[in-house]
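The structure appears right after this line, and notes come after that.
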Amino acid sequence: MSAEILINVTPRETRVALVEQGMLQELHLERSLRRGVVGNLYRGRVQRVMPGMQAAFVDVGLERAAFLHASDIVRPPQGAPADGEDAGPPSPPPSITALVHEGQELVVQVVKDPIGGKGARLTTQVSIPSRYLVLLPYSKVIGVSARIEDDAERARLKAVVAELANGSGMGFIVRTNAEGLAREALEADVAYLRLAWQLIREASAATAVGACIYEDLALPLRALRDLMCGQIDRVLVDSRETHERLLRFTGQFMPELAGRIEHYLGERPLFDLNGVEDEISRALQKEVPLKSGGYLVLDQTEAMTTVDVNTGSFLGQRNLEETAFRTNLEAAQAVARQLRLRNLGGIIIIDFIDMHDADHRRQVLRTLEKGLARDHAKTTVYDFSPLGLVEMTRKRTTESLERQLCEPCVACNGRGVVKSPETVTYEVFRECTRAVRQFEAERLLVIAAPAVVNRITEEESVAVAELEEFLGKSIRFQADEQYGQEQYDVVLL
């Protein structure tokens, strides 16, 4: 499968697009005025302990206090099995009041950016990633990515890393990129991570409360570290300075990939290639058309994201069950791509078209899981519910694409709808009655949006005459293009 990474750099914004088979699959943004903080380490101070929530709020120097749950606080080891791995089910965390107290200083790492009105989420279980490994300085666990499926290779990697980590008192997770890697490359990664952790410990001792101890890589370098794999044919970057930074980075940490990084010099904007800009615009729409004629409707709410599958103009060839099955198969592939592209996380509910055949339902689920297999975010998919819905979760660490690029509509305040001209008309009538009863006036002037004034003067003229007779006042109406549909003023003259 051919794939490439496109990196577009402007003075205030950097965008990274992952394109597979000519189709945009992921988009990552970083703005100079609002950089993400996931992965950063801070020296924080506990502001408030909340026993009822089993959590504490910690000041780490961000706009809002960050959230630290008891389950994310490292506890002193109570003894470990000989091989350094957990034995048996984990015990529940003790009370938050036994773990931290107000005013206590902690070294914490951000695991989730501030989202909406919520502050960042923290952990004291620090992890430092490199190209092939993740260092767990407070753990002795040696783990291997679940995406490496070959049992023999998993065992080999685990044995090599366990030998390299012997005596360090630290744990490691082997990343997917390490599959098939020689011992020497893993050894270099372990040495790099040990040195990085030593520097972090030295920096933390001299860092004030609310200051950053360690900052994750900038987006272009992070993209190479996390997205670069054997399937990536090339990396195109349209900034000479960033291109040079990437070459220095790859020369030091991944020299075998340096030849795939190219400086894009074309006159056509980089993101116009493969229609990336158009795909970004379409990713902000609620409806997603399917090739068959069906379509998806995606709605993102505070609690969850819902996906509705519709046949649309697709009528099928045989019967309703076959039509639903074919549409759902196509929809399952499209849903997997849209979740990844739009960076939708948390609880996701998919309402596929009803199918009675159990084998059809299994095939649709397998298609969805296969499409999600390439997703870098952790996903969990459950079977069809009794109501015919598929429930799933996708790990969320940053805002969705829509919430990064958009803001609530000023006309509807984010509701997605505005009051109809008919509704506003009757509000105007009630406001006229209220104003006359409270204040003295000879006549009234109503200023409103053209659609509202047109309805009042054309369709409600009889009602206006009745209202004038009832109030004993004349009412004049004036349309103003600057008024939103729900906005109006009643002026006493």
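All residue numbers refer to positions in the sequence shown, counting from 1.
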Say you draw a straight line from CD1 of Ile213 to CD of Gln109; how long is it, rounded to the nearest 0.5 Å?
10.5 Å
Hey, does the side chain of Arg222 reach the backbone of Asp216 with a donor-acceptor pair shorter than 3.5 angstrom?
no
With respect to Leu296, which candidate in Val288, Ile350, Asp351 satisfies the side-chain contact (heavy atoms from CB on, under 4.5 Å) definition?
Val288
Just wondering, do Gln300 and Leu344 contact through their side chains at under 4.5 Å, heavy atoms?
yes
Tell me whether Asp151 is salt-bridged to Arg154, with the criterion being a basic N under 4.0 Å from an acidic carboxylate O.
no
Atom CZ of Arg194 and atom CG of Asp189: how far apart are they, to the nearest 0.5 Å?
12.0 Å
Is any side-chain heavy atom of Leu135 closer than 4.5 Å to one of Met170?
yes
Is a side-chain donor or acceptor of Glu105 paired with a backbone partner of Val209 at a separation under 3.5 angstrom?
no
Under the 3.5 angstrom rule, does the side chain of Asp238 hit a backbone N or O of Val9 as a donor-acceptor pair?
yes
Carefully, step by step, assess Ile5 and Leu236 under the rule side chain to side chain contact (heavy atoms under 4.5 Å, CB included).
CA-CA 6 Å; Ile5 296 173; Leu236 288 178; over 6 Å; no
Parallel, tilted or perpendicular: which one describes the rings of His360 and Phe325, with boundaries at 30° and 60°?
parallel
Ion pair check, Asp226 and Arg175, cut-off under 4.0 Å
yes
CA sep, side-chain torsions, deciding dist, call: Val364, Met355, side chain to side chain contact (heavy atoms under 4.5 Å, CB included):
CA-CA 10 Å; Val364 168; Met355 296 176 295; 3.7 Å; yes
Can you see whether Asn328 engages Arg361 through a side-chain donor-acceptor pair at a distance of less than 3.5 angstrom?
no
Quick note, ring pair (Phe, Tyr, Trp, His ring centres under 6.0 Å) partners involving residues 6-34, not counting sequence neighbours, are none
If we only count heavy atoms from C-beta on, is the Thr250 to Ile261 side-chain gap below 4.5 Å?
yes
What distance do Ile128 atom CD1 and Leu199 atom CG have between them, rounded to the nearest 0.5 Å?
11.0 Å
So do the side chains of Glu13 and Leu29 get within less than 4.5 Å of each other, counting heavy atoms only?
yes
Side-chain donor/acceptor of Glu4 to backbone N/O of Gly22, under 3.5 Å
no
Val134 side chain reached by Val174 side chain, heavy atoms, under 4.5 Å
no
Check: Trp197 ring centroid to Tyr138 ring centroid under 6.0 Å
yes
Cationic N near anionic O, under 4.0 Å, Arg337 to Glu20
no
Salt bridge flag under 4.0 Å for residues Arg342 and Glu399:
no
Say you draw a straight line from CD1 of Ile73 to OG1 of Thr123; how long is it, rounded to the nearest 0.5 Å?
8.5 Å
Would a distance-only check, ignoring hydrogens and angles, find a side-chain to backbone donor-acceptor pair under 3.5 Å from Arg366 to Lys370?
no
For a salt bridge (charged side-chain N to carboxylate O under 4.0 Å, His left out) check, start with the C-alpha distance between Arg121 and Asp113, then their side-chain angles and the critical distance, and finish with the verdict.
CA-CA 7 Å; Arg121 179 150 183 170; Asp113 273 330; over 6 Å; no
Nearest atoms (heavy-atom pairs only) where Val126 meets Pro137:
O-CD, 3.2 Å
Could you go step by step and tell me if Leu193 and Phe172 meet the side chain to side chain contact (heavy atoms under 4.5 Å, CB included) rule?
CA-CA 10 Å; Leu193 287 170; Phe172 293 88; 4.0 Å; yes
Does a side-chain N-to-carboxylate-O contact under 4.0 Å join Arg15 and Glu277?
yes
Looking only at the side chains, is there a donor atom on one of Asn8 and Thr14 sitting less than 3.5 Å from an acceptor on the other?
no
Quick check: does any side chain N or O of Asn40 sit under 3.5 Å from a backbone N or O of Glu215, one acting as donor and the other as acceptor?
no
Heavy-atom distance under 4.5 Å between the side chains of Leu217 and Arg225, does that happen here?
yes
With side chains defined as the heavy atoms from C-beta onward, is the minimum distance between Val381 and Leu365 less than 4.5 Å?
yes
Check whether any side-chain N or O of Arg260 sits under 3.5 Å from a backbone N or O of Ile232 as a donor-acceptor pair, and report yes or no.
yes
Donor on one side chain, acceptor on other, Glu26 and His376, under 3.5 Å:
yes
Answer yes or no: is there a donor N or O on one side and an acceptor on the other, between the side chain of Glu179 and the main chain of Glu153, under 3.5 Å?
no
Between the side chains of Ser145 and Thr176, is a donor N or O closer than 3.5 angstrom to an acceptor N or O?
yes
Just do the side chain to side chain contact (heavy atoms under 4.5 Å, CB included) check on Leu298 and Gln338 with the steps written out, would you?
CA-CA 9 Å; Leu298 293 95; Gln338 290 297 322; 4.3 Å; yes
Flag the pair Asn310 / Val297 as yes when at least one side-chain heavy-atom distance between them is below 4.5 Å, and no otherwise.
yes
Does the Thr242 side chain pair with the main chain of Ser239, one donor and one acceptor, at a distance under 3.5 Å?
no
To the nearest 0.5 Å, how far apart are CD in Glu322 and CG in Asp357?
9.5 Å
I'd like to know if the side chain of Glu30 and the backbone of Leu219 have a donor-acceptor N/O pair within less than 3.5 Å.
yes
Electrostatic pair Lys286:Asp299 at N-O distance under 4.0 angstrom:
yes
Between the side chains of Thr367 and Gln333, is a donor N or O closer than 3.5 angstrom to an acceptor N or O?
no
What distance separates Leu389 CG from Phe384 CZ, expressed to the nearest 0.5 Å?
9.0 Å
